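Here's the structure, in structure tokens; my notes come after.
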Amino acid sequence: MKTKNSILLAVICLFSLQVDAQKKSKKDEVVTIITSMGTMKLILFDEAPKHKANFIKLVQDKFYNDLLFHRVIDDFMIQGGDPNSRNAKPDDILGKGDNGYKVPAEFSPKLFHQKGALAAARDNNPAKESSGCQFYIVQGRKWGKLDLEKQAARATRKLTDDQKKVYETIGGTPHLDGAYTVFGQVIDGMEVIDKIGAVEKDERDRPEKDVSMKMSVKKMKKKKITKKYGWKYEA
């Protein structure tokens with residue numbers, strides 16, 4: 001009988017082959033997250049192929065439909081993907097649910113916690129392996145140079161000058177860089193992050209009124225993605 005880890009490995013190998021093929025193609029996947037507060041569009045990064053493959057598979061399987069953003073911290077991030085949040089009662093404690101496996105960490109110096117970054121949640125395992133399903137989207141805030149240097153000192157890797165500029169002008173959560181895997185980016189609907197971040201929460205940071213989600217994924221031409229959403233691909 002196959003274990004959940006062997007099933008994950010097979011899924012990752014299959015989708016990694018698709019991702020490798022996609023690098024040579026002129027198309028990419030766009031993930032749509034529809035929430036009760038608005039709609040976001042995201043792309044997923046080839047630099048984190050295992051996370052990309054896993055997320056696409058879960059979206060295609062409708063795993064995320066009707067789950068909640070169960071943990072929301074204004075000026076920090078919005079978190080979802082706990083399978084226990086489906087049909088959860090108001091007093092249910094959420095955040096510990098999983099889908100039976102972890103995804104190996106994939107850290108790239110190119111990928112960082114700017115506003116709108118999609119990253120994988122995780123527990124305190126020493127290998128920094130990601131949850132197989134829980135994720136967060138960065139809200140963060142803009143940083144002045146002095147405060148940014150303090151935040152950068154908490155990160156496990158050095159920030160580039162370009163990344164510092166983004167943190168100063170667009171915002172994010174720099175101290176998480178190198179500690180959690182970033183594998184995607186919101187390219188449309190950034191204001192939805194702010195709307196969700198501003199909702200009333202209880203003492204566990206769960207929204208008082210449920211913020212649910214539905215996801216879908218569609219392959220589009222990269223030129224169309226750039227034209228429609230302004231996302232620029234590296235040559």
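For the single chain, residues carry numbers from 1 onward in sequence order. None of the values given here were measured: they were computed from a predicted structure.
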Q. Quick one: do K52 and D46 make a salt bridge, cutoff under 4.0 Å?
A. yes
Q: State whether E168 and K142 are salt-bridged, where the test is any N-O pair (Lys NZ or Arg NE/NH1/NH2 against Asp/Glu carboxylate O) under 4.0 Å.
A: no
Under 4.5 Å between side-chain heavy atoms, hopping through other hydrophobics if needed: is there a path connecting [X] to [Y]?
X: I137; Y: V103; answer: yes
X: Y233; Y: M220; answer: yes
X: V138; Y: V186; answer: no
X: L118; Y: V217; answer: yes
X: V59; Y: V192; answer: yes

Closest approach of [X] to [Y] (non-hydrogen atoms, all atoms of both residues):
X: A88; Y: N84; value: CB-O, 3.7 Å
X: Q185; Y: F45; value: CB-CZ, 3.6 Å
X: L176; Y: H113; value: O-CE1, 3.4 Å
X: V182; Y: L111; value: O-CD1, 3.3 Å
X: M190; Y: G116; value: SD-CA, 3.6 Å
X: R141; Y: D147; value: NH2-OD2, 4.3 Å

Could you state the interatomic distance from [atom1] ([X]) to [atom2] ([Y]), rounded to the nearest 0.5 Å?
X: K164; Y: Q151; atom1: NZ; atom2: CD; value: 13.0 Å
X: K27; Y: K223; atom1: NZ; atom2: NZ; value: 13.5 Å
X: Q79; Y: M77; atom1: CD; atom2: CE; value: 5.0 Å
X: D82; Y: C133; atom1: CG; atom2: SG; value: 7.0 Å
X: S36; Y: K195; atom1: OG; atom2: NZ; value: 11.0 Å
X: Q114; Y: T169; atom1: CD; atom2: OG1; value: 9.5 Å

When you measure from the side chain of [X] to the backbone of [Y], do you find a donor-acceptor pair of N or O atoms at a distance under 3.5 Å?
X: D98; Y: G100; result: yes
X: D61; Y: F63; result: no
X: T160; Y: Q163; result: yes
X: W231; Y: L42; result: no
X: E106; Y: T181; result: no
X: Q134; Y: G97; result: yes
X: K201; Y: G197; result: yes
X: D188; Y: M40; result: no
X: R86; Y: N65; result: yes
X: E149; Y: L146; result: no

Note, [X] side chain near [Y] side chain (heavy atom, < 4.5 Å):
X: V72; Y: D205; result: no
X: T156; Y: D177; result: no
X: I196; Y: T35; result: yes
X: N54; Y: L58; result: yes
X: Q60; Y: I56; result: yes
X: Y136; Y: F76; result: no
X: F183; Y: E47; result: no
X: D28; Y: I225; result: yes

**Q.** Under 3.5 Å side-chain donor-acceptor pair for D194 and Q139
**A.** yes
Q) In this structure, are over 12 heavy atoms from other groups packed under 6.0 Å from D91 atom CG? A) yes
Q) In this structure, are over 12 heavy atoms from other groups packed under 6.0 Å from E208 atom CD? A) yes
(Q) Using the ring-ring contact (aromatic ring centres under 6.0 Å, His included) criterion, which residues pair with Y64? Sequence neighbours excluded. (A) F55, F135
Q: For side chain to side chain contact (heavy atoms under 4.5 Å, CB included), just list the numbers for K214 and I33, CA-CA rounded to whole Å, side-chain angles, deciding distance to a tenth of an Å, and then say yes or no.
A: CA-CA 6 Å; K214 287 187 183 298; I33 304 180; over 6 Å; no
Q: Show the numbers, then the answer: is there a side chain to side chain contact (heavy atoms under 4.5 Å, CB included) between M37 and V199?
A: CA-CA 10 Å; M37 307 292 288; V199 301; 3.8 Å; yes
Q: Please assess K41 against T32 for the test side-chain hydrogen bond (donor to acceptor under 3.5 Å, both in side chains), listing each intermediate value before the final yes or no.
A: CA-CA 5 Å; K41 303 281 187 178; T32 299; 2.8 Å; yes
(Q) If you apply the rule side chain to side chain contact (heavy atoms under 4.5 Å, CB included), what do you find for K110 with E234, and how did you get there? (A) CA-CA 11 Å; K110 290 182 179 180; E234 292 183 2; 3.1 Å; yes
(Q) Among H51, R122, K102, K50, exactly one meets side-chain hydrogen bond (donor to acceptor under 3.5 Å, both in side chains) together with S130. Which residue is that? (A) H51
Q: Taking the six-membered ring for Trp and the full ring for Phe, Tyr or His, determine whether the centres of F107 and Y180 are under 6.0 Å apart.
A: no
(Q) Please evaluate residues L44 and E29 with respect to the criterion side chain to side chain contact (heavy atoms under 4.5 Å, CB included), reporting the C-alpha separation (whole Å), side-chain torsions for both, the decisive distance (0.1 Å), and the verdict. (A) CA-CA 7 Å; L44 306 177; E29 282 92 358; 5.7 Å; no
